[in-house]
Amino acid sequence: MAKGLFVNVPKGSRIAMVATLILWGHALAALLFGALALAEWRRPPEADHPRAAWVAASLLTALWALSVAGVGAADSGTQVARSACSIGWLCVVMLTLRDAARIRTIMALAAVVGAVFVIEAAVAAAQAAALPDPASRIVASTRALLTGMATVGALLLLSHGAQSAQAERSGGIRLTALALALFWAADLAQAMVAALAPDLSDGAAAMRGLVLLLVALALAAAGTDRGVGMLAVSRTVVLRLLILAALAAYAALTALVANGVAVLVGGEARAAQTAVIFAATAALLALVSTPWLRAWTRVTVSKHLFGHRYDYRVEWQRFTGTVGLAGADAAPLATRIVKAVADLTDSPAGLLLVPDGEALVPAADWRWSGAEGRRVPPPLARHLAATGRIVALDELRATEADAAVPEAEMLPDWLVADTAAWALVPLPHGGELIGAIVLARPPVDRALDWEDFDLLRVVGRQAASYLAEDRSHAALAEAQRFDEFNRRFAFLIHDIKNVASQLSLVARNAERHADNPDFRADMVTTLRETAERMTVLLTRLSGHDGGRAEALRPVDLARLAADLAAARRAQHPVVAEARGADGAVPLALAHPVRLEQALGHLIQNAIDASAADSPVTLAMRMEGADSVAIEVRDRGRGMTAAFIRDELFRPFASSKPHGFGLGAFEARQLVEAMGGRLTVESRPAPDPDSGTLFRITLPAAPAMEIAA
């Protein structure tokens, strides 16, 4: 009976623990294989799938595992059942590979292996007879030898079959081959343990029960490639199952070594066993923490187990997840793109080059040192833009420049000298080269193949679209800043034009009324107001417009109207009226500077539309209980309804010969920014009541604010 890890446990307890592991491990395996047989039986028949062979082999394996759990592995009937299930799986392999290449060689090898399994079953049946001791030992040795020969032959057959599988079916066939390889490898290990260390045979049988569970799961996963009724398992799950199987094998090997050492050293078994387990654990941690070994394992498994190097769904999710990473701590987009592309090929670093004139210069990097001063010369940049070809740098370093390989003579010296540089991936977009990414050599050095080229070509175009979109957003933001500046400057120009027009009218009126003391007083007031407006315009032009940041507050409309009328009197007659119920107009809630500016635009428009002797009326009145209306009325030529609808509030559309078309537009913006509304009514000439009425409606100031 096995000792090993149970060396300090009483013998009866050790036997019970091992027996329990054998019982439950093989019983669960029997249950899984029975479920696998049922699932196969219920599947619709397929022309290229040996359903009957799968069902028979699964049932035979379930019966054998049940026999091990209930009768024991040493029973001759159990051994015959084991040979029978091996023959069943051999038939599954042969029927699955009937269309594979080198089928004659495979069939010949299968015939030999099948014959050995049949002889092994016969020898196992002979062990049931009561033979004398020498004959019994000879039969047992012969059976062990036949078991080893049969399992080695079966493993060799699986190797040939997996390599000859058709490309479109290689995923399911290779996974089936892996599961059966694990199945027969466990048989081989059991036979070796029984021959070399009989005391450990029960422990090995317990481990084989766990292996059978993994085999059943792997065979179920192999049905992914066959469609309906089978478990769909992703590449990630398959890899984790392999890792679990490897860990189980590692643990089994450690237990066997510990058991062997415990048997050899005798009294110091505990210390020796602890040392073995500690050394095995330390070795496992060292292996797992080695980046090169992890990368080599991924490459090897992908190369020999799967039909493709990459799991494109997973890789694309990782790529988009890295590029789309957001947050304050996220790296810039260019750095994230370099990392996303480098992660696809396990490259430890990357460098992004972008156009600078006709050359390419560094713009961003991920873990790349010494990027300063690196550049790709114009000939290579033009070649990448024209062809979009991915450059495998190792091939060019080993190639002398010739006409067939034009990139060889275009490579800059730094790319040739830096052996860490592995590939140059162009980023084309819309016929333009957005940039190129230099990828560092992955931990497991390998040559780029067609699958790398295809994936990097697609990813390069996607990365280029992200960079192009980012540049477009930056250009749009810059254009919006310029547009805001141009809009603001246009308003200022419009205001300056109004000031100049006002001063021109004052100058013309001064020629006729210079001797009038009242006019001179109005002219001084107008000049003072004009100087203040020019100061405000200069403040706005310098970007320190304090009026725009002013909070809403009560504004005395009557006083504001009187000031505006007085300021314009030297330019044109302006009449201010207050039409409250008791002769008083409530205060409006507004921005004083913005309201004055909006009224200035409307008054100036009214003056421009009026005859010299036709006054402009500025009136204030209550409108409802909570609103105040300010009206600017003229008796000019008026506007049509179509002009009001389509042109009046559209910037740069004006009926004046030298107008900018911004007065009404800015006035409405200023009023709406204060929470008000600007409306217009007009009757065009030759209507005898022609003229225009602009009405500004603002909220009345609350009584509490008026009191304050």
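Bear in mind the structure is a predicted one, so any value in this text is a computation, not a measurement.
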Partners passing side-chain contact (heavy atoms from CB on, under 4.5 Å) against Ala56 (at least two apart in sequence or in another chain): none
Stepwise side chain to side chain contact (heavy atoms under 4.5 Å, CB included) check, Trp64 with Leu212: CA-CA 11 Å; Trp64 167 61; Leu212 280 178; 3.7 Å; yes
CG on Leu360 to CD1 on Ile437, rounded to 0.5 Å: 12.0 Å
Residue list, ring pair (Phe, Tyr, Trp, His ring centres under 6.0 Å) with Phe319, at least two apart or on another chain: Trp316
Point-to-point distance, once rounded to the nearest 0.5 Å, from CZ of Arg471 to CG of Leu333: 10.5 Å
Point-to-point distance, once rounded to the nearest 0.5 Å, from OG1 of Thr387 to CG of Leu433: 9.5 Å
Atom pair CG/SG of Leu90 and Cys85 - distance to nearest 0.5 Å: 11.5 Å
For Leu63, all residues meeting side-chain contact (heavy atoms from CB on, under 4.5 Å), sequence neighbours excluded: none
Which residues share a side-chain contact (heavy atoms from CB on, under 4.5 Å) with Ala330, sequence neighbours left out: Leu325, Arg336
Sequence-distant partners of Ser347, side chain to side chain donor-acceptor pair (under 3.5 Å), two or more places apart: Thr345
Atom CZ of Arg42: over 12 foreign heavy atoms under 6.0 Å: no
Sequence neighbours excluded, every pair satisfying side chain to side chain donor-acceptor pair (under 3.5 Å) that has a member inside residues 85-94: Thr61-Trp89, Ser86-Trp184
Show me, pair by pair, the donor-acceptor contacts under 3.5 angstrom made by side chains of residues 412-428, not counting sequence neighbours?
{"residue": "Trp414", "atom": "NE1", "partner": "Arg375", "partner atom": "O", "Å": "2.8"}
{"residue": "Asp418", "atom": "OD1", "partner": "Ala420", "partner atom": "N", "Å": "3.1"}
{"residue": "Trp422", "atom": "NE1", "partner": "Arg446", "partner atom": "O", "Å": "3.1"}

With Asp343 via salt bridge (charged side-chain N to carboxylate O under 4.0 Å, His left out) - residues at least two apart: Lys339
Donor-acceptor contact present, side-chain Thr320 to main-chain Gln317, <3.5 Å: yes
Heavy-atom pair with the smallest gap, counting every atom of Ser58 and Ala37: CB-CB, 3.6 Å
Results of side-chain contact (heavy atoms from CB on, under 4.5 Å) for Asp454 - residues two or more places apart only: Trp450, Arg457
Side chain to side chain contact (heavy atoms under 4.5 Å, CB included) between Val361 and Leu353, worked out: CA-CA 5 Å; Val361 298; Leu353 305 168; 5.8 Å; no
Those residues that, when tested against Arg374, pass salt bridge (charged side-chain N to carboxylate O under 4.0 Å, His left out) (two or more places apart): none
Verdict with reasoning, His429 to Arg461, per side chain to side chain contact (heavy atoms under 4.5 Å, CB included): CA-CA 6 Å; His429 179 72; Arg461 293 184 180 277; over 6 Å; no
Listed once per pair and sorted, the salt bridge (Lys or Arg N to Asp or Glu O under 4.0 Å) pairs that draw on residues 352-368, sequence neighbours left out: Glu358-Arg382
Minimum-distance pair of heavy atoms, taken over all atoms of Ala216 and Leu32: CB-CB, 3.7 Å
Residue pair Val338, Trp368: steps toward the side chain to side chain contact (heavy atoms under 4.5 Å, CB included) verdict: CA-CA 10 Å; Val338 176; Trp368 191 285; over 6 Å; no
Residues that Arg318 engages under salt bridge (charged side-chain N to carboxylate O under 4.0 Å, His left out), provided they are two or more places apart: Glu315
Nearest-0.5 Å distance that lies between atom CZ in Phe33 and atom NE2 in His26: 10.5 Å
Interatomic distance, Ile434 atom CD1 to Asp470 atom CG [nearest 0.5 angstrom]: 11.0 Å
